Number of protein chains: 2
Amino acid sequence: MEVHPRARERLLDATEDLAFTQGVAATPVDEILRSAGVAPATLYAHFGNKEGLITQALERRLMRWDEVWQSAIDEASTPRERLLAVFPALGRYRMSVPAARWCAFLGVAAESPHPGPQLQKTLASDTQLLTARLKELAVPVVAADHADALVAQLVLVYTGVLGMLLRGMDTERAVGLGLHIAGAVIEAAEGSRR
Amino acid sequence: MEVHPRARERLLDATEDLAFTQGVAATPVDEILRSAGVAPATLYAHFGNKEGLITQALERRLMRWDEVWQSAIDEASTPRERLLAVFPALGRYRMSVPAARWCAFLGVAAESPHPGPQLQKTLASDTQLLTARLKELAVPVVAADHADALVAQLVLVYTGVLGMLLRGMDTERAVGLGLHIAGAVIEAAEGSRR
DNA sequence: GTCTATATCAAGATAGAC
DNA sequence: GTCTATCTTGATATAGAC
């Protein structure tokens, strides 16, 4: 078979294409190898095993999501818009990467009852980024002692948007719904401050 | 090995215990058989294959959820309470059955990129029940032309609650958050009617 | 209908050459 | 680092007796 110098990147690309759309367990390593045009031993040389491959594909994905979200925040002009930017960012992000069926991180978490330490850490870093950044963005919008509660609510709404994708809703509509609900939630939080 | 006359029920119980907590693919048939104390051939005689077993376990589960939800609605005393009853019902339901890690239906959907017709139908019937019943309950609460939009929002919130379980939140807190957000969403919908 | 024993097969992972 | 070829395992499903 042909030799591919960028085997590593090709494997990560194929993993995003296949494992994050069909599910990890439903995607045999063979299929990833065929799609990447790479030999088995190459995969194991780079990633150790299948879980290592999945883990590093998630890590690369998280970096991209981080960038997309951050730039959406940078473009927004009010504290409220910055807090809500996570929703349009999600819409934009999903057009820029091989679309997971819903959420690559939650999807992998759902089928990994006993993740190894590395994978566990990577999965946690997704929720970590989500809550930490929302917290920063919430502080200018609501009173400090309401920020944590508001963040928890927004994380739930954001997670709900992802879940709607799994229920078959298209991205635009799910994001629009999420934005609307998040708006109502913020109103209510602002109201409770007065 | 010992003979079990209620092999069918035992298999469904074991499936709920194992497959809906660990994930379907992560739960070998052998493990279900061992847990049920039943022989392989018995399983295949009753259910045809693994997917058949999963499907029927989901169907039984949906019937129970239906009952729990309906009785929570019956206990509520105002239209608004009846509409919101889905949240406390979820909390009660999860204490009454072997707890899936988050949601048995969404969990199976997430790892089944190509479900067979029976499984597909069963998975759809979950979302179907959710939206249809919420629609009935929403009509007395908001103007008719806002009911569909409100239902979509509540389905998202409900789905978000389930997703938070997957993110590791405990049931009580997730349900409480969902109830709070749903309240805000309904306020906003009522407001837009005025 | 249920059991024991086993067939079949696919999947993850490795050996060894280049 | 990458390839070809193969090993090993573990999982789904079936055969045949009771």
Side-chain angles (χ1 to χ4, degrees), chain A residues 1-58 60 107-108 111-119, chain B residues 1-58 60 107-108 111-119:
Chain A
M1 187 173 279
E2 209 179 339
V3 174
H4 285 294
R6 310 188 74 79
R8 191 191 135 86
E9 299 303 315
R10 293 177 61 86
L11 283 166
L12 293 174
D13 290 342
T15 301
E16 290 199 49
D17 275 337
L18 300 171
F20 295 162
T21 50
Q22 307 178 343
V24 173
T27 305
V29 171
D30 304 23
E31 198 181 340
I32 296 175
L33 293 171
R34 244 182 296 124
S35 168
V38 160
T42 306
L43 187 157
Y44 291 95
H46 279 287
F47 302 102
N49 55 28
K50 186 180 183 180
E51 185 169 312
L53 173 64
I54 299 297
T55 302
Q56 295 197 33
L58 286 175
R60 197 178 66 164
V108 171
E111 47 181 335
S112 308
H114 305 302
Q118 265 307 118
L119 177 54
Chain B
M1 189 174 276
E2 208 180 340
V3 173
H4 285 295
R6 309 188 73 80
R8 192 191 135 86
E9 298 303 315
R10 293 176 61 86
L11 282 166
L12 292 174
D13 290 343
T15 300
E16 291 199 49
D17 274 337
L18 299 171
F20 296 161
T21 51
Q22 306 179 343
V24 173
T27 306
V29 171
D30 304 25
E31 197 181 340
I32 296 175
L33 293 170
R34 244 181 295 122
S35 168
V38 161
T42 306
L43 187 159
Y44 291 94
H46 279 285
F47 301 102
N49 54 29
K50 187 180 182 178
E51 184 170 313
L53 173 64
I54 299 297
T55 302
Q56 294 196 34
L58 286 175
R60 196 179 67 164
V108 171
E111 48 180 334
S112 308
H114 304 301
Q118 266 306 120
L119 176 54

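Protein chains get the first letters and strands the later ones, always in sequence-line order, with residue 1 at the start of each. In this text, all values refer to a predicted model and were calculated from it rather than measured experimentally.
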Length of the CG-P vector between L33(B) and dA5(C), whole Å
15 Å
Can you check the D30(B) CG to dT12(D) C1' distance for me, whole Å?
8 Å
Give the rounded distance in Å between these two atoms: CD1 of I54(A) and P of dG12(C).
10 Å
Integer-rounded Å distance: dT2(C) P and E9(B) CD:
11 Å
Side-chain contact check for H46(B): nearest option of dT2(C), dC3(D), dT2(D) is dT2(C)
Rounded interatomic separation in angstrom, taking CG from L43(A) and P from dT2(D)
11 Å
Shortest non-hydrogen pair, L11(B) vs F47(B), comes out as CD1-CE1, 3.8 Å
Length of the line joining R34(A):CZ and dA11(C):C1', which is rounded to integer Å
12 Å
Under 4.0 Å between a Lys/Arg side-chain N and an Asp/Glu carboxylate O for D13(A) and R60(A)?
yes
Out of dG16(C), dG12(C), dT14(D), which nucleotide sits closest to the side chain of P40(B)?
dT14(D)
If you assign each of T42(B) and K50(A) to its closest nucleotide in DNA chain C, which residue comes earlier from the 5' end?
T42(B)
Could you give the OH-to-P distance, from Y44(B) to dA13(D), as a whole number of Å?
4 Å
What are the two closest non-hydrogen atoms of V38(A) and A7(A), and how far apart are they?
CG2-CB, 3.9 Å
Nearest to the side chain of A41(A), heavy atoms from C-beta on, is which of dA15(D), dT14(C), dG12(C)?
dT14(C)
Closest non-hydrogen atom pair, E51(A) against L119(A):
OE2-CB, 3.5 Å
Output the single nucleotide from dA13(C), dA15(C), dG12(C) whose closest atom is nearest the side chain of P28(A).
dG12(C)
Specify the separation, in whole Å, of atom CZ of R6(B) and atom C1' of dT2(C).
16 Å
